[in-house]
Asks: 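Quick one: the structure is below, questions incoming.
Hydrogens, waters and symmetry mates are skipped; everything else that's a heavy atom, side chains included, is used. All residue numbers refer to positions in the sequence shown, counting from 1.
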Amino acid sequence: MKTISENRAFGGVQGVYSHASAVCGGDMTFGLFVPEEAEEGAVPVIWFLSGLSCTHENAMIKSGAQRWASDHGVAIVFPDTSPRGASVPDDAAFDLGQGAGFYVNATEAPWAKQFKMWDYVTDELPQTLFKAFPLAEDAQSITGHSMGGHGALTIAMSFPGRYRSVSAFAPIASPSTSDWGRKQFTAYLGKDKSKWAAHDATLLMKKRGFDGPMLIDQGAADQFLDLLQPEVLAEAIVQRRQNAAFRMQKGYDHSYFFVSTFMEDHMTFHAEALYG
């Protein structure tokens with residue numbers, strides 16, 4: 001592992017690191033905030049998955065999460081959203097290819113060789129982190145924004161018992177029926193829609209739900225509401241009687257101004273679950 005930078009922040013350390021990824025076929029970069037309490041032992045960890053066109057930097061710099069993570073003594077991981085580099089396939093559109101991994105394991109050419117973000121976020125990166133940093137493997141939560149909210153919800157519901165809580169900011173709620181989903185799933189997973197269901201938060205909610213508390217914030221003035229389809233997921237949550245809070249925030253859009261406004265709520269929500 002290579003240390004790119006480490007900066008003191010809110011009593012802890014905000015680091016940026018790179019490592020060789022076997023599943024993504026090249027070097028991957030991630031951010032990690034570790035609070036001061038980590039000097040005394042392993043601390044709980046929250047995963048933050050970012051959205052379309054983002055790198056590890058967007059949430060790390062814009063969300064303000066470190067302040068609240070420091071208050072609660074928890075670490076935050078900021079993975080990248082896709083493999084990158086000259087040898088990695090890409091597309092001219094911002095919503096496919098580099099920066100748009102959609103947290104799936106691609107099975108279709110030319111993406112299949114390196115676009116393995118599901119395995120990277122759920123297996124390879126956790127193994128790397130828990131070996132190298134004082135993080136508590138038995139105290140994890142997960143959150144994300146937009147495409148990252150989609151990833152957080154689908155991953156949390158697919159690994160019962162791993163995450164004590166899940167939250168999302170403006171998640172892509174029904175990718176199987178949205179242009180933010182159908183396009184990418186077809187490219188990465190093929191035309192067989194039965195293979196899409198494992199990566200659709202609404203379908204997973206109907207099938208199994210989540211075995212812990214859930215918090216979702218959606219801006220009511222979000223310019224991408226028709227693509228996100230929050231009402232479809234909200235209906236599935238009600239039908240399942242999921243332990244969840246789904247909040248429509250009047251006047252807020254899709255930006256990091258929205259995310260940073262409600263970040264304190266999400267960090268407190270996860271800290272309560274992580275510390276019982």
Side-chain angles (χ1 to χ4, degrees), residues 1 3-17 29-51 54-81 103 121-122 125-126 128-146 148-149 151-153 155-156 159 162-171 212-217 245 247 249 255-276:
M1 187 182 301
T3 299
I4 297 174
S5 64
E6 288 184 333
N7 298 95
R8 199 72 175 171
F10 300 102
V13 175
Q14 174 62 65
V16 177
Y17 310 92
T29 301
F30 64 91
L32 173 66
F33 172 76
V34 178
E36 188 174 15
E37 287 83 351
E39 297 174 7
E40 304 298 327
V43 296
V45 58
I46 299 172
W47 295 80
F48 189 104
L49 307 185
S50 291
C54 291
T55 70
H56 67 281
E57 283 192 324
N58 295 72
M60 186 182 80
I61 294 173
K62 297 179 180 180
S63 71
Q66 295 90 337
R67 174 183 176 182
W68 312 116
S70 174
D71 284 353
H72 295 296
V74 299
I76 311 178
V77 184
F78 303 96
D80 203 348
T81 56
Y103 304 102
V121 170
T122 67
L125 184 55
T128 301
L129 290 177
F130 292 126
K131 289 178 182 177
F133 298 96
L135 308 175
E137 189 171 358
D138 62 348
Q140 300 182 63
S141 291
I142 190 167
T143 186
H145 173 227
S146 194
L153 292 171
I155 288 171
F159 290 87
R162 177 181 294 193
Y163 305 98
R164 297 193 184 180
S165 53
V166 61
S167 73
F169 300 86
M214 177 181 292
L215 172 63
I216 298 173
D217 274 312
R247 310 189 303 188
Q249 302 291 1
S255 70
Y256 269 94
F257 295 110
F258 157 66
V259 173
S260 61
T261 297
F262 299 102
M263 182 56 70
E264 180 183 8
D265 289 357
H266 285 244
M267 292 294 103
T268 301
F269 165 77
H270 289 303
E272 290 175 351
L274 289 166
Y275 283 108

Asks: Taking atom CZ as the centre, does Arg162 end up with more than 12 heavy-atom neighbours from other residues, nucleotides or ligands that are less than 6.0 angstrom away?
Replies: yes
Asks: Is the closest side-chain heavy-atom distance between Gln14 and Glu6 below 4.5 Å?
Replies: no
Asks: Is it the case that the side chain of Gln140 and the backbone of Glu137 share a donor-acceptor pair, with hydrogens and angles ignored and the cut-off at 3.5 Å?
Replies: yes
Asks: Looking at residues at least two apart in the chain, or sitting in another chain, which of them share a salt bridge (Lys or Arg N to Asp or Glu O under 4.0 Å) with Glu39?
Replies: Arg8
Asks: Sub-3.5 Å donor-acceptor pair from the side chain of Thr81 to the main-chain atoms of Cys54, do we have one?
Replies: yes
Asks: Got a sec, which residues hit side-chain contact (heavy atoms from CB on, under 4.5 Å) with Ala136, two or more places apart in sequence or on another chain?
Replies: Ala42, Asp138, Ala139
Asks: Determine whether the aromatic ring centres of residues Tyr275 and His72 are separated by less than 6.0 angstrom.
Replies: no
Asks: Restricting to side-chain hydrogen bond (donor to acceptor under 3.5 Å, both in side chains), what partner residues turn up for Ser255, sequence neighbours left out?
Replies: Asp253
Asks: Please check this pair: side chain of Ser70 against backbone of Arg67, looking for a donor-acceptor N/O pair closer than 3.5 Å.
Replies: no
Asks: Can you pull the salt bridge (Lys or Arg N to Asp or Glu O under 4.0 Å) pairs that have at least one residue in residues 259-268, sequence neighbours excluded?
Replies: Arg247-Asp265
Asks: For a side-chain contact (heavy atoms from CB on, under 4.5 Å) with Phe30, tell me which candidate from Val16, Leu125, Val121 qualifies.
Replies: Leu125
Asks: Under the ring-ring contact (aromatic ring centres under 6.0 Å, His included) test, which residues partner His145, sequence neighbours left out?
Replies: His254, Tyr256
Asks: With a 4.5 Å limit on heavy-atom distance, are the side chains of Leu49 and Thr143 in contact?
Replies: no
Asks: Give every donor-acceptor pair under 3.5 Å between a side-chain atom in residues 56-65 and any protein atom, sequence neighbours left out.
Replies:
| from | atom 1 | to | atom 2 | distance (Å) |
| --- | --- | --- | --- | --- |
| Asn58 | OD1 | Thr55 | N | 2.9 |
| Ser63 | OG | Ala59 | O | 2.6 |
| Ser63 | OG | Ala65 | N | 3.2 |

